[in-house]
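Notes to accompany the following structure.
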Amino acid sequence: MSRLRPNVDRIFHALGDPTRRAIVARLCMGPLSVSLLAGPLNITVTAVAQHLQVLEASGLVTTEKVGRVRTCQIDPAGFSVLERWIREHRELWERRLDRLGELLDEPDEVDAGNS
């Protein structure tokens with residue numbers, strides 16, 4: 001499959017499926033062949049291959065075929081993109097919530113006039 005640049009939308013789409021999340025979880029322990037991935041998931045090798053296409057397009061997984069065996073492994077680049085997106089959005093929302101907290105802590109002009 002052609003190598004695409006990791007994209008946050010493709011990553012979230014890929015991780016939106018529980019079977020693909022299970023595949024990623026298994027691959028976090030180390031590289032596995034497609035047939036070894038299929039066994040515990042109780043799905044066909046063809047179904048695993050289709051899920052792997054989505055994961056590979058997202059940049060989370062790479063596959064390599066040597067002879068008749070296709071081996072899959074985690075690609076850290078996709079997770080780096082996801083981590084950066086999460087960090088940026090967390091920082092944005094922390095700033096917004098800090099500002100909201102500051103606004104809520106400011107004395108209310110109506111309350112100040114009644115004192």
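Note that these values count all heavy atoms, side chains included, but never hydrogens, waters or copies made by symmetry.
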**OP:** Could you walk me through whether H51 and L37 pass side chain to side chain contact (heavy atoms under 4.5 Å, CB included), step by step?
**Re:** CA-CA 11 Å; H51 284 295; L37 281 170; over 6 Å; no
Original post:
Which atom pair, heavy atoms only, marks the closest approach of I74 to C28?
Top reply: CG1-N, 3.9 Å
Subject >> Heavy-atom side-chain proximity of V81 to V8 below 4.5 angstrom >> reply: yes
Subject >> Contacts of type side-chain hydrogen bond (donor to acceptor under 3.5 Å, both in side chains), residue S33, not counting sequence neighbours >> reply: S35
Subject >> Euclidean distance, L52 CG relative to R20 CZ, rounded to 0.5 Å >> reply: 10.0 Å
Original post:
About how many Å separate OG1 of T62 and CG of L55, when rounded to the nearest 0.5 Å?
Top reply: 11.0 Å
Original post:
Can you name the side chain to side chain contact (heavy atoms under 4.5 Å, CB included) partners of E102, sequence neighbours left out?
Top reply: R99
**OP:** Look up atom CZ in R96 and atom NE2 in H89, then write down how far apart they are to the nearest 0.5 Å.
**Re:** 8.5 Å
Original post:
Do you know the tightest heavy-atom contact between R26 and P40?
Top reply: NH1-CG, 3.3 Å
Original post:
Counting only N and O atoms by type, is there a donor-acceptor contact under 3.5 Å from the side chain of R21 to the main-chain atoms of L15?
Top reply: yes
Subject >> S58 side chain reached by I11 side chain, heavy atoms, under 4.5 Å >> reply: yes
**OP:** Identify the heavy atoms of V54 and H13 that sit nearest to each other, and give their distance.
**Re:** CG1-CD2, 3.9 Å
Subject >> From E88 atom CD to E83 atom CD, the distance as rounded to the nearest 0.5 Å >> reply: 11.0 Å
Original post:
Looking at I23, V24, V48, V34, which hits side chain to side chain contact (heavy atoms under 4.5 Å, CB included) with C72?
Top reply: V34
**OP:** Any chance you could measure L100, atom CG, to D105, atom CG, to the nearest 0.5 Å?
**Re:** 9.5 Å
Original post:
From D9 CG over to W85 CH2, what is the distance, rounded to the nearest 0.5 angstrom?
Top reply: 9.0 Å
Original post:
Do R10 side-chain atoms and A57 backbone N/O form a donor-acceptor pair below 3.5 Å?
Top reply: yes
Subject >> Joint hydrophobic cluster, V69 plus L36, side-chain heavy atoms closer than 4.5 Å >> reply: no
